[in-house]
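Submitted below is the structure of interest, expressed as structure tokens.
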Amino acid sequence: MVSPSSVPAAGESAAAAARPVPPPGPPSTTVDLPETTAPEQLLLTWGADPATQVTVSWSAPGSVPMPAPRLSYSRHPITPDNPGRAVGLPEPRPLDVTQSYDDASAVSFQDGLNGQTTFYYHVQLRDLEPGTTYYYQVSDGSTPVPGTAGASFRTAPAGRATFRFSSYGDLGTPSFDLSPSGYQWQQSCDNAYYAVSAIEDPGDGGGPPLFHLLNGDVSYANLDYQNEPAVWRDFGINVSRSAARRPWMPVLGNHETEFGTCDQRGRPGTAPGGIRAQGAAGNYWNGPYGYGHYLSRFLLPDNGVVSHDGNRLRGNFYSFRVGTVQFVALDADDVIYQDSGASHITGRPGPQALETTSGARIPNGTSTYNHAYTGDLKVDADVAVPDQAGGTPNLQTLWLERTLRAAREDDGIDMIVVFMHQCAMSSAQANGSDLGIRRAWLPLFDRYQVDLVLSGHEHNYERTFPVRGFDAGSHGLVVNANPGQARGDAVDTRRPSVVTTEPATRDGLPAWDTERGTVFLVLGSGGTNCPSNVHRTNPDTGLPRAKVTTRRNATTGSQPTGFRRGGADAIEDAPWSAAVNATDAYGYAIFDVDPGQRPGETTITFQFFAIPAVSGTSARLHDGETTLPTKPYETCVFGRGLSRGPVSG
């Protein structure tokens with residue numbers, strides 16, 4: 001068993017000790033945030049060039065800004081004799097994504113549902129030395145004794161180099177016993193604690209990664225309407241045990257979309273009737289696109305894209321390069337058909353509005369839906385392409401093609417890794433596959449030969465065979481009809497074509513040639529308390545089968561009768577599904593990059609470690625302990641050209 005006290009706890013509150021009396025459940029009213037200012041929730045992210053740029057971020061505990069925040073950094077430990085180079089920060093300003101960030105910035109964000117304001121601090125460090133360890137300390141500047149916290153990090157190596165990264169999504173927060181608040185939230189589970197511990201001490205003994213990819217649905221705060229800031233705080237303190245030491249690079253998921261009182265662009269709603277009336281008027285977004293907390297907390301590489309509505313889209317999607325690998329982060333909310341963001345949909349008759357402590361009132365039947373929020377898509381020959389006709393083409397998809405083209409034209413880049421939240425392919429019972437991704441982005445992945453695509457969304461592990469193109473014909477069958485569909489209708493799901501089911505070998509390991517086809521990995525195995533490791537099969541053949549969402553899930557009903565939202569409308573046989581773990585929903589992925597000796601020789605050795613669910617007496621609360629694994633569930637090698645003749649080490 002792993003004892004919490006044996007896990008490194010940089011920035012972790014001593015209040016994370018187990019509580020003797022479990023709470024009855026998530027609080028139904030807003031709880032107070034701390035009024036202290038000592039820095040916490042330390043978080044590192046890469047800048048545009050990970051070899052020379054790192055952003056250091058941290059937060060105040062609650063509703064009081066720091067009096068004089070400051071960061072100091074040095075190549076040597078920060079001590080009274082070595083105070084390092086100091087960077088002061090300005091007064092906090094409300095989140096405004098129409099403006100650029102200064103190198104040192106302080107941001108405030110007021111939650112639209114409970115009115116609490118929280119504070120975030122960012123320093124973008126530039127001109128660092130590649131492959132170098134730096135030490136840093138942040139201070140709130142209070143008197144007579146300032147509150148401080150600090151750690152160290154290492155910049156990425158320059159040029160062709162070996163490195164390690166890790167990945168999972170769908171993390172959430174630990175249960176009440178391992179969170180500083182002592183509260184149980186809607187998606188709390190102690191596996192979220194052990195998943196962070198595993199990144200700092202991977203089971204193969206090879207040491208922690210250089211950085212971590214967090215594949216969306218990071219905190220699940222949108223499910224605790226009265227207490228989104230408090231949930232984000234528990235999340236931030238938990239991940240800082242790792243994120244204070246190495247960059248954590250997230251992507252947006254459906255649970256980052258939150259209800260509030262803004263319009264979709266993020267401007268405060270002005271409907272007559274004040275806060276209470278905004279939801280009925282369609283002003284139910286928490287900051288830009290509902291992403292206010294996320295965009296305040298994470299300062300990610302700048303994509304340089306300004307949206308049609310005037311918002312800068314920095315951090316919504318981005319890319320960075322480490323060694324010979326280009327990483328591309330996407331917001332799949334922009335192209336998916338599944339309606340799965342913040343929602344208040346109940347089948348109980350009567351108005352049944354969601355009401356919060358600030359006076360906000362969200363009507364029954366309300367759902368956020370960010371499809372095409374960066375611009376329009378049109379379906380042409382069953383491919384979704386940016387629609388230029390109205391002058392507002394989809395900007396993320398245009399950016400994606402530019403980014404992939406530039407990567408493939410760069411002789412120094414061997415492999416491309418894309419990460420996003422929702423799944424192009426999943427055989428899980430929960431969500432399944434999404435035709436929106438298959439139409440908009442898989443043609444680009446094929447054209448520019450993306451090597452790996454990592455996702456979350458499903459709370460499990462799944463790997464595909466290499467795929468390229470799609471199987472002609474209508475391989476889908478409607479089983480859950482939306483308006484305009486009939487049960488039993490055939491539907492073209494653009495089912496990805498399997499290139500091969502037989503791997504080559506490299507050093508005795510299965511080796512998949514990603515030059516021939518892209519491999520997709522579902523890694524939504526972080527720690528949420530709703531596992532989804534039950535997978536569909538065709539009852540006639542016993543072979544994998546998948547749900548597919550081919551159009552927006554229909555919400556039907558009325559205020560007097562209540563509402564219902566449908567699920568995925570179609571199913572398809574899934575020959576692309578190569579491996580699942582039906583035993584354990586939780587786990588983490590470790591990737592070791594070897595650039596080889598010459599261009600084109602990069603390989604990535606992949607290990608997936610399955611973590612058993614926590615065991616404890618309070619099963620309803622998902623609190624307890626687990627045994628971190630020492631042997632991987634699956635190991636294989638990815639690389640380009642590995643199927644050309646005999647392959648040896």
Side-chain angles (χ1 to χ4, degrees), residues 1-5 7 9 11-34 40-41 59 61-63 111 113-114 116 118 168-197 217-241 253-256 258-259 293 342-344 346 354-357 459 524-532 585-586 611-626:
M1 294 295 182
V2 177
S3 168
S5 62
V7 180
E12 181 186 12
S13 169
R19 272 68 173 181
V21 180
S28 58
T29 59
T30 300
V31 300
D32 292 334
L33 294 174
E40 61 178 33
Q41 304 171 60
S59 303
S63 55
D111 184 82
L113 293 187
N114 69 17
Q116 291 176 327
T118 44
Y168 52 61
D170 303 77
L171 182 59
T173 55
S175 192
F176 73 99
D177 58 326
L178 292 175
S179 282
S181 71
Y183 287 103
Q184 183 76 18
W185 309 114
Q186 295 287 345
Q187 287 291 311
S188 291
C189 176
D190 280 351
N191 267 88
Y193 183 92
Y194 294 104
V196 176
S197 302
D217 281 7
V218 301
S219 77
Y220 291 86
N222 76 335
L223 298 179
D224 288 274
Y225 305 111
Q226 303 277 20
N227 288 288
E228 289 169 348
V231 179
W232 275 107
R233 179 176 182 245
D234 278 354
F235 162 83
I237 290 175
N238 181 44
V239 302
S240 71
R241 296 182 294 121
N254 52 294
H255 283 287
E256 275 64 75
E258 299 171 347
F259 280 143
H293 278 295
S343 62
H344 177 56
T346 175
L354 182 155
E355 299 190 53
T356 71
T357 51
H459 306 162
S525 48
T528 174
N529 72 2
C530 290
S532 61
Y586 304 109
I611 303 177
V614 294
S615 59
T617 56
S618 302
R620 174 180 60 85
L621 299 180
H622 296 271
D623 66 316
E625 294 184 336
T626 193

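Excluded from the calculations below are hydrogen atoms, water molecules and symmetry mates; all remaining heavy atoms, backbone and side chain alike, are included.
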- Item | Polar side-chain atom of Q184 near backbone of F176 as donor-acceptor pair, under 3.5 Å |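 A pair under 3.5 Å: yes.
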- Could you check if a side-chain atom of C530 sits within less than 4.5 angstrom of a side-chain atom of H459, using non-hydrogen atoms only? yes
- Item | With S63 via side-chain hydrogen bond (donor to acceptor under 3.5 Å, both in side chains) - residues at least two apart |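 With sequence neighbours excluded, S63 shows a side-chain hydrogen bond (donor to acceptor under 3.5 Å, both in side chains) to no residue whatsoever.
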- Query: Nearest heavy-atom pair of P174 and A192: which atoms, and what distance?
  - Reply: N-CB, 3.8 Å
- Task: Using a 4.5 Å cut-off on heavy atoms from C-beta on, say whether the side chain of D623 contacts that of D190.
- Result: yes
- Which atom names give the shortest non-hydrogen contact between Q116 and V31, and what distance separates them? NE2-O, 2.9 Å
- Item | Whether W185 and Y183 hold their rings parallel, tilted or perpendicular, with breakpoints at 30° and 60° | tilted
- Just how far is it from atom CG of N238 to atom OG of S179, taken to the nearest 0.5 Å?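 Rounded to the nearest 0.5 Å, the CG-OG separation comes out at 6.5 Å.
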- Drop me the distance from E256's CD to S219's OG, to the nearest 0.5 angstrom.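 So the gap between those two atoms works out to 6.0 Å.
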- Query: What distance do N529 atom CG and Q187 atom CD have between them, rounded to the nearest 0.5 Å?
  - Reply: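 If we round to the nearest 0.5 Å, N529:CG and Q187:CD are 4.5 Å apart.
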- Query: Does the side chain of S175 pick up a donor-acceptor pair with the side chain of S188 at under 3.5 Å?
  - Reply: no
- Item | Counterpart residues, side chain to side chain contact (heavy atoms under 4.5 Å, CB included), relative to S59 (two or more places apart) |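 Partners of S59 by the side chain to side chain contact (heavy atoms under 4.5 Å, CB included) criterion, ordered by chain and then number, come out as Q41, Y120, R297.
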- Item | Contact summary for Y586 and C189, nearest pair of heavy atoms | OH-SG, 4.1 Å
- Query: Is there side-chain contact between P34 and R233, with at least one heavy-atom pair below 4.5 Å?
  - Reply: yes
- Task: Provide the closest heavy-atom pair for L621 versus P22 in the form atom of the first, atom of the second, distance.
- Result: CD1-CB, 3.3 Å
- Query: Under the side-chain hydrogen bond (donor to acceptor under 3.5 Å, both in side chains) test, which residues partner N227, sequence neighbours left out?
  - Reply: none
- Task: Could you tell me whether the side chain of D224 and the main chain of Q186 form a donor-acceptor pair under 3.5 Å?
- Result: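 Here the side-chain-to-backbone pair exists.
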- Message: Ignoring hydrogens, what is the shortest heavy-atom contact between A585 and S525? Give both atom names and the distance.
- Response: O-CB, 3.3 Å
- Message: Within the 4.5 Å heavy-atom criterion, are E258 and W232 side-chain neighbours or not?
- Response: yes
- Is it true that a side-chain atom of T118 and a backbone atom of G62 form a donor plus acceptor pair closer than 3.5 Å? no
- Which residues pass the side-chain hydrogen bond (donor to acceptor under 3.5 Å, both in side chains) test with E228, sequence neighbours left out?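 E228 satisfies side-chain hydrogen bond (donor to acceptor under 3.5 Å, both in side chains) with N286 only.
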- Contacts of type ring-ring contact (aromatic ring centres under 6.0 Å, His included), residue H622, not counting sequence neighbours: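 Testing H622 for ring-ring contact (aromatic ring centres under 6.0 Å, His included), a comparison that skips the adjacent residues, returns none.
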- For N191, side-chain hydrogen bond (donor to acceptor under 3.5 Å, both in side chains) partners two or more places apart: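 In terms of side-chain hydrogen bond (donor to acceptor under 3.5 Å, both in side chains), with neighbours along the sequence ignored, N191 is linked to no residue.
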- Query: Which atoms form the tightest heavy-atom contact between R241 and V196, and what is the distance?
  - Reply: NH2-CB, 3.3 Å
- Item | Close side-chain approach of N254 to D217, heavy-atom, < 4.5 Å | yes
- Would a distance-only check, ignoring hydrogens and angles, find a side-chain to backbone donor-acceptor pair under 3.5 Å from T173 to F235? no
- Under 4.5 Å between any side-chain heavy atoms of Y220 and D170, yes or no?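 Yes; the side chains approach each other to less than 4.5 Å.
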- Query: Judged by modelled atom types alone, do D234 and S181 share a side-chain donor-acceptor pair under 3.5 Å?
  - Reply: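 The answer is yes; a qualifying pair exists.
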- Just by modelled atom types, is the G172 backbone N or O under 3.5 Å from a matching donor or acceptor in the T528 side chain?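 No, because the side chain of T528 does not come within donor-acceptor range (under 3.5 Å) of the backbone of G172.
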- Query: Are N114 and Y225 close enough that a side-chain donor and a side-chain acceptor fall under 3.5 Å?
  - Reply: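 On atom types as modelled, these side chains do not qualify, holding no pair under 3.5 Å.
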- From CG (L178) to CD1 (I237), nearest 0.5 Å: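 One finds 12.5 Å between CG of L178 and CD1 of I237.
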